There are 2 protein chains.
Amino acid sequence: MAHREFKDRLYGEFARIGKAVASPQRLEFLDLLAQREWSVEELANETDQSIANASAHLKVLRTAQLVETRRDGSYIYYRLADQNVVRLWQAIRDIGQERLAEIDRIVDQFMAGRDDFQPVDAQTLLNRLHEDDVLLLDVRPKAEYDQGHLPGARSVPIDELESHLEELDPDREIIAYCRGPYCLFADEAVELLRQRGFQARRMADGLPDWRMAGLPVQREGVNE
Amino acid sequence: MAHREFKDRLYGEFARIGKAVASPQRLEFLDLLAQREWSVEELANETDQSIANASAHLKVLRTAQLVETRRDGSYIYYRLADQNVVRLWQAIRDIGQERLAEIDRIVDQFMAGRDDFQPVDAQTLLNRLHEDDVLLLDVRPKAEYDQGHLPGARSVPIDELESHLEELDPDREIIAYCRGPYCLFADEAVELLRQRGFQARRMADGLPDWRMAGLPVQREGVNE
DNA sequence: AGACTATTCAAAGGATCGTTTGAATACTGG
DNA sequence: CCAGTATTCAAACGATCCTTTGAATAGTCT
């Protein structure tokens with residue numbers, strides 16, 4: 001085969017990106033980084049690993065150019081380098097969801113009764129946003145809401161949901177969303193809300209998917 | 001962090017897909033499998049590796065459910081399991097192209113003068129297909145053409161191009177395409193054609209990208 | 001059924017990766 | 001300039017991955 005050196009070097013470079021997504025820890029980072037920027041320490045805490053180890057994984061992601069950094073005060077914040085990285089993570093997620101039976105089993109075990117939550121897809125939801133009968137709840141931590149959220153969504157982090165129940169209009173259907181299709185916050189929110197007599201469902205995906213679909217994202221009152 | 005077991009198992013599963021794309025050899029396989037189905041032996045020959053080794057890599061791809069097999073006679077043919085696998089490969093390719101400086105360098109070295117070939121993108125080409133002033137040349141091996149090609153394209157494998165030059169209309173602009181943006185066949189075709197006085201350019205991407213864009217693909221005279 | 005052959009398996013080596021530990025670095029903020 | 005701290009580095013270990021080799025398997029075809 002001619003041009004072998006060209007191909008070896010070329011595919012070798014692309015494989016650096018493949019290697020970057022070849023670890024559970026790094027994929028979890030990407031999922032989190034799709035929500036907002038995080039410091040090394042925050043990521044280490046959120047994912048239960050040592051700071052040195054988190055730093056090593058981040059280095060791999062940075063070498064493959066999937067993430068970028070900026071310094072603010074004494075913290076270094078990591079963010080995705082590109083919306084294409086979300087595309088990459090979505091492609092992996094979609095293949096896994098569609099083809100890996102083991103993922104079904106895990107979801108059945110830990111997101112029991114998920115189908116009862118009648119997940120709403122983004123497009124359907126967009127159409128209903130103009131009607132005024134639906135209340136959108138962003139149940140992610142506040143820091144993620146602040147970096148961008150669905151238009152008109154209200155931030156009620158899952159931990160604070162119980163103490164804000166009386167502020168919610170019981171006549172409007174509530175749709176909760178969080179980080180993505182495998183984020184448990186929305187499931188927990190729907191479960192709690194239904195127990196207390198609300199009509200509630202979850203959105204199928206999360207904010208990054210909404211954004212990738214080209215739908216409008218709100219941030220500090222300004223539309224993107 | 002609660003739900004750690006859920007996340008570990010879930011991201012662990014997704015990482016199997018990541019691991020599958022973490023090797024240059026397997027990425028090259030995916031690029032080839034996006035063109036047509038191949039037997040183990042064909043893939044091993046095309047990529048200059050031993051059959052046992054190719055078989056081992058294919059096993060990884062199959063375990064991650066990126067490829068499927070069928071038997072025909074005494075050969076086992078591997079094919080992509082899903083169009084989503086092309087999406088995955090495209091996402092990796094796009095990130096690499098946009099962000100890895102080393103890839104630029106490799107392309108400059110081995111695809112010298114590429115920009116002179118004035119690559120045409122798919123959408124532009126689609127519009128010109130209806131006019132009759134352009135001749136589309138599929139310079140991939142015949143077997144790949146047979147599994148699907150651009151509407152109206154003529155198959156002239158790069159090895160046979162020289163001996164078919166006199167059959168080509170010198171008054172029509174020729175657009176050559178092959179496997180993808182990093183496939184050298186189209187570059188070689190354009191170079192040869194221009195030397196012989198033809199007006200020639202290459203298409204920027206390959207057939208799989210054309211198909212993924214939702215554009216029509218022809219196969220054995222039937223449109224897809 | 002038996003010869004043939006494409007593919008897979010098993011074992012073994014060398015290389016690479018993941019994690020931990022403790023120290024070094026680099027920047028901040030006063 | 002100095003103290004403090006978030007982050008990175010270096011070394012070392014075990015685990016995993018890649019490749020080769022030779023044998024085993026599982027089908028086909030006569």
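Order of the sequence lines fixes the chain letters, A, B, ..., with proteins taken first and strands second; residue numbering starts at 1 for each chain. Keep in mind it's a predicted model, so treat the numbers as computed, not measured.
In this structure, the ring of A:Phe14 has its center less than 6.0 angstrom from the ring center of B:Tyr182.
Closest to the A:Ser55 side chain, of the nucleotides D:dT7, C:dT19, C:dG22, is D:dT7. Taking only side-chain atoms of B:Ser23, from C-beta outward, the nucleotide of C:dA6, D:dC18, D:dG22 with the closest atom is D:dC18. Of the candidates C:dT20, D:dC18, D:dT7, the closest approach to any side-chain atom of A:Ser50 belongs to C:dT20. Among the nucleotides C:dT20, D:dC17, C:dT7, the one closest to the side chain of A:Asn53 is C:dT20. Nearest to the side chain of A:Lys59, among C:dT19, D:dC9, C:dT7, sits D:dC9. Distances were taken from every side-chain heavy atom of B:Ser74 (C-beta onward) to each of D:dT28, C:dC9, D:dT7; the shortest belongs to D:dT28. Closest contact between the side chain of A:Glu41 and the listed nucleotides D:dT7, D:dT19, C:dT7 involves D:dT7. Proximity note for B:Ala52 (side chain, C-beta onward) versus C:dT7, D:dT21, D:dT7: the nearest is D:dT21. With C:dG22, C:dT19, D:dC17 as the candidates, the nucleotide lying closest to the side chain of A:Ala56 is C:dT19.
Rounded to a whole Å, the CD1 atom of A:Ile51 is 13 Å from the P atom of D:dT5. Regarding A:Trp38, its CH2 atom lies at a distance of 17 Å from the P atom of D:dA6, rounded to whole Å. Note: NE2 (A:His57) to C1' (C:dG18) measures 6 Å, nearest angstrom. Rounded to whole Å, atom C1' of C:dC27 lies 8 Å from atom CD1 of A:Ile76. In this structure, A:Asp72 atom CG and D:dT7 atom P are separated by 11 Å, rounded to whole Å. Separating the CG atom of B:Leu43 from the C1' atom of C:dA6 is a distance of 13 Å, rounded to the nearest angstrom. The nearest whole Å value for the distance from the CD atom in B:Gln25 to the P atom in D:dC17 is 15 Å. Per the geometry, CZ belonging to A:Arg71 stands 11 Å off P belonging to D:dA6, to the nearest Å.
Ion pairing between A:Arg179 and A:Glu144 holds under the 4.0 Å rule for side-chain N and carboxylate O. Of the charged side-chain nitrogens involved, at least one lies within less than 4.0 Å of a carboxylate oxygen, so that A:Arg9 and B:Glu102 count as a salt-bridged pair. Looking at B:Glu98 and B:Arg93, no side-chain N of the basic residue comes within less than 4.0 Å of a carboxylate O on the acidic one, giving no salt bridge. Between A:Arg202 and A:Glu191 there is no salt bridge, since no side-chain N of the basic residue sits under 4.0 Å from a carboxylate O of the acidic one.
Toward the 5' end of DNA chain C, the nearer of the two residues A:Gly73 and A:Ala22, judged by each one's closest nucleotide, is A:Ala22.
B:Trp38 carries B:Arg36 over the face of its six-membered ring, with the cationic atom under 6.0 Å from the centre and within 45° of the normal.
Using a 4.0 Å cut-off, no side-chain N or O of B:Tyr75 falls inside it from OP1 or OP2 of D:dA26. Between B:Tyr77 and the phosphate of C:dT7, there is no side-chain N or O to OP1/OP2 separation shorter than 4.0 Å.
Within 4.0 Å of B:Gln49, counting heavy atoms only, lies no atom of the nucleic acid at all. Contacts of B:Leu58 with the nucleic acid, taken as non-hydrogen atoms under 4.0 Å apart, are absent.
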